[in-house]
Amino acid sequence: DSGVTQTPKHLITATGQRVTLRCSPRSGDLSVYWYQQSLDQGLQFLIQYYNGEERAKGNILERFSAQQFPDLHSELNLSSLELGDSALYFCASSVEGGSEQYFGPGTRLTVT
Amino acid sequence: GESVGLHLPTLSVQEGDNSIINCAYSNSASDYFIWYKQESGKGPQFIIDIRSNMDKRQGQRVTVLLNKTVKHLSLQIAATQPGDSAVYFCAEIAVSGGGADGLTFGKGTHLIIQP
């Protein structure tokens, strides 16, 4: 158990819809990262938050957004969903300046 | 395109043998090179990292080698056990003042342990 929790575990929704994925980092970790894992794109970094502020952006679509709240939990919002957004979405956390990231169990999103 | 990649999608080894998983990278500006293990149905798990100014680092049953001349990273697992069956990813990361940036992952090698 990494100490990172993600909800829900599974999510099935239709094209055009909007969903919110939730992540609670390990106690004491200020950085939260979101990753997408799919068969064709592999594991891709989406976005990073550090102590409530956006710190780095990766291959995140404009239809996707995230935020980190004062209690350090984070939410990833995916809107106008397309079939190609079906993937595993992982949240990870780390201490300040750490290269070691702790991954949650993931949320499997299926868009039908 | 990808800044890190792996040579083999699948590697099959006998239980008890040593395993070597290889990775090529292209971004020399990364600060750390890292190996992650992902078991079926789980998130990636950190194994070991190596700072860009080092060439070897050892952990428990694992050794990571970094050859900056040819931009090559390898993970050696000693005395492979059934629990080592997983997909192994190399990754790279840049670290700056406010913390570490996102990981850039390679495609992964599936390590299969034969009894």
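Values in this document were obtained by computation on a predicted structure and should not be read as measured data. Chain A is the first sequence line, chain B the second, and so forth, proteins listed ahead of strands; every chain is numbered from 1.
There is no contact between B:Q45 and chain A, counting heavy-atom distances below 4.5 Å. Heavy-atom distances place both the backbone and the side chain of B:L103 under 4.5 Å from chain A. For A:Q6, no part sits under 4.5 Å from any heavy atom of chain B, backbone or side chain. Using a 4.5 Å cut-off between heavy atoms, A:Y102 does not touch chain B at all.
Without hydrogens or angle criteria, A:Q68 side chain to A:L30 main chain gives a donor-acceptor distance under 3.5 Å.
When only modelled atom types and interatomic distance are considered, A:Q48 and A:S31 share a side-chain donor-acceptor pair under 3.5 Å. With no hydrogens or angles considered, a side-chain donor-acceptor pair links A:Y33 and A:S94 at under 3.5 Å.
Using cut-offs of 30° and 60° for the angle between ring planes, the A:F103 and B:Y36 rings count as perpendicular.
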